[in-house]
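First comes the structure, then the notes that go with it.
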Amino acid sequence: MPKAMLVHQNGGPEAFSFEEIKLNAPGPDQVLLKHHAIGVNFIDTYFRSGLYPWKGEFPIIVGAEGSGEVLEVGENVSQFKAGDRVCYTVPHGGYSEQRLINASQLVKLPEDISHETAASIILKGLTAHYLLFRTFEVLKGHTILIHAAAGGVGTLAGQWASHLGATVIGTVSTEEKAAIAKSNGYHHVINYKTENFVERVKEITHGKGVDVVYDSVGQNTYPESLQCLKRLGMWVCFGQSSGLIKNFDLGHLAQHGSLFATRPTLFNYIATREELDQSAAVLFEAIRTGVIKTTIHQRFKLEEAAHVHQLLENRQTKGATVLIP
Ligand SMILES: NC(=O)c1ccc[n+]([C@@H]2O[C@H](COP(=O)([O-])OP(=O)(O)OC[C@H]3O[C@@H](n4cnc5c(N)ncnc54)[C@H](OP(=O)(O)O)[C@@H]3O)[C@@H](O)[C@H]2O)c1
C-alpha cells in the first residue's frame, strides 16, 4: 500500500505521521497518480496548523504542488493515459506516494522539464505569473517591491519582473538571503530586520514610492507596506507568513494616497481549464527560454516533512523545497 504524511489533528510539525493509506481505483473523471516529486509551500503549513480551517474529515493530507506519472485512469478520462507525465497544483493532498486527482486539474508535463523542476515551480511559478501579469500588469519603467525576495515565490517573481523591465526592490531577513535575491533579478535588496524598509524604499525611489507592493508577509509588514506606495499605487497582499493581518483599516488606503488593495489567491486565477492551460503554457515557455529558473535549495524525503515545516516556519529555507517519495 502507498504511504502518505497524515495529519490526524491540527498542530505543529509534530502533527505529521507517515502511514499507509488505502486508495480506491480511480472513479469517473479521476486519475491515479504516482508522485516523483512534491513541492513544499507555505499553504501546507496553514492547513496543517489550522490557520486555514479544515472542513472535511480528518486525517488531512496537505501538499499543493506535485509531479508524477499516471498509473490508471477512471471512466470518461480521455486526455490522459497510464504512463503520461503530469503535474498539478491544487490546495491539498500532495504529501503522498500516490494520490487520486481529477483529470481536469492535471497539466501534461513537457518532456524537457523534469519532475523535480515541475514540483518546485507549478504552484509558485503560476503564482508569480498571475501576480505580475494579471493582478497588476508589471511593465517596463515600473518600480516594484516584493517582500520575502529569497523565498519560493520571491525568487521566481524577481527574475520575471526584472525580465519585464521593472526596477525590482526586495526585502529579506539575512545577508545570505540578500545575496540570493541579488542573483534572482533584484536590483535593490533591503534587510528588513536591520533596516527601516519604508525609509529605504523612499531613498531608492527618490521619495516617489513604488507602483506596486507584493506582500506575502502579512502582519509584520502591515501597514508599512502601504507607506512604500505611490499615490494610486496597488497593494497586493497575497499571503501571511508572519500571521494574519488583524488591524486592516480601509481608511489607511485613503490616508496613503487613494491606494488600491487586493487579496488574490492562485486558485481563482486558474479556475477554468483555459486559464490553467494558458498560464501553464506561458510558465513552461518562460522556463524553456531561461526567463525564469528554479533553484531547489532543499531536497528531503517525503517522511521528513515535519523537519521541512520547521525550517520553513523558522525562515530557514531559501528558494524552492521539494520532497521525494
Ligand atoms: N495567494 C496566493 O495565490 C499564494 C500562492 C503562493 C504563495 N502564497 C504566499 O506567498 C508566501 C510565500 O510562499 P512560499 O511558499 O514561497 O514561502 P517562502 O517565501 O519560501 O517562505 C516564507 C518567507 O517569508 C518570510 N517571512 C517573513 N516573516 C516571517 C515569519 N514570521 N515566519 C515565517 N516566514 C516569514 C521569510 O523570508 P525572510 O526570512 O527573508 O523574511 C520566509 O522565508 C506565503 O505567505 C504563501 O502563503 C500565496
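The structure displayed is predicted, hence computed values, not measured ones. Numbering of ligands and ligand atoms starts at 1, following listing order. Each residue takes its place number in the sequence, starting with 1.
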- Message: Nearest non-hydrogen contact with atom 34 (N) of ligand 1 belongs to which option: K193, Q219, R315?
- Response: R315
- Query: Who's closest to atom 12 (C) of ligand 1 heavy-atom-wise, of G152, S242, S216?
  - Reply: S216
Those atoms of ligand 1 less than 4.0 Å from some heavy atom in [X]:
X    : result
L266 : 2 (C), 3 (O)
Y46  : 44 (C), 45 (O), 46 (C), 47 (O)
G151 : 18 (P), 19 (O), 20 (O)

Return the closest protein heavy atom for [atom] as residue, atom name and distance.
atom                    : value
atom 39 (O) of ligand 1 : S173 OG, 2.5 Å
atom 41 (O) of ligand 1 : Y192 OH, 2.4 Å
atom 13 (O) of ligand 1 : F42 CB, 3.9 Å

- Are any of the side-chain heavy atoms of V62 and F16 separated by less than 4.5 Å? yes
Proximity to ligand 1 by part of [X], non-hydrogen separation under 4.0 Å:
X    : value
L123 : side chain
Q240 : backbone
Y130 : side chain
F267 : neither

- Message: For F197 and H147, take the angle between the two ring planes, folded into 0 to 90°, and tell me which bin it lands in: parallel under 30, tilted 30 to 60, perpendicular over 60.
- Response: perpendicular
So is [X] polar-close to ligand 1, meaning N/O to N/O under 3.5 Å?
X    : result
P264 : yes
G239 : no
F238 : yes
T127 : no
V153 : yes
T265 : no

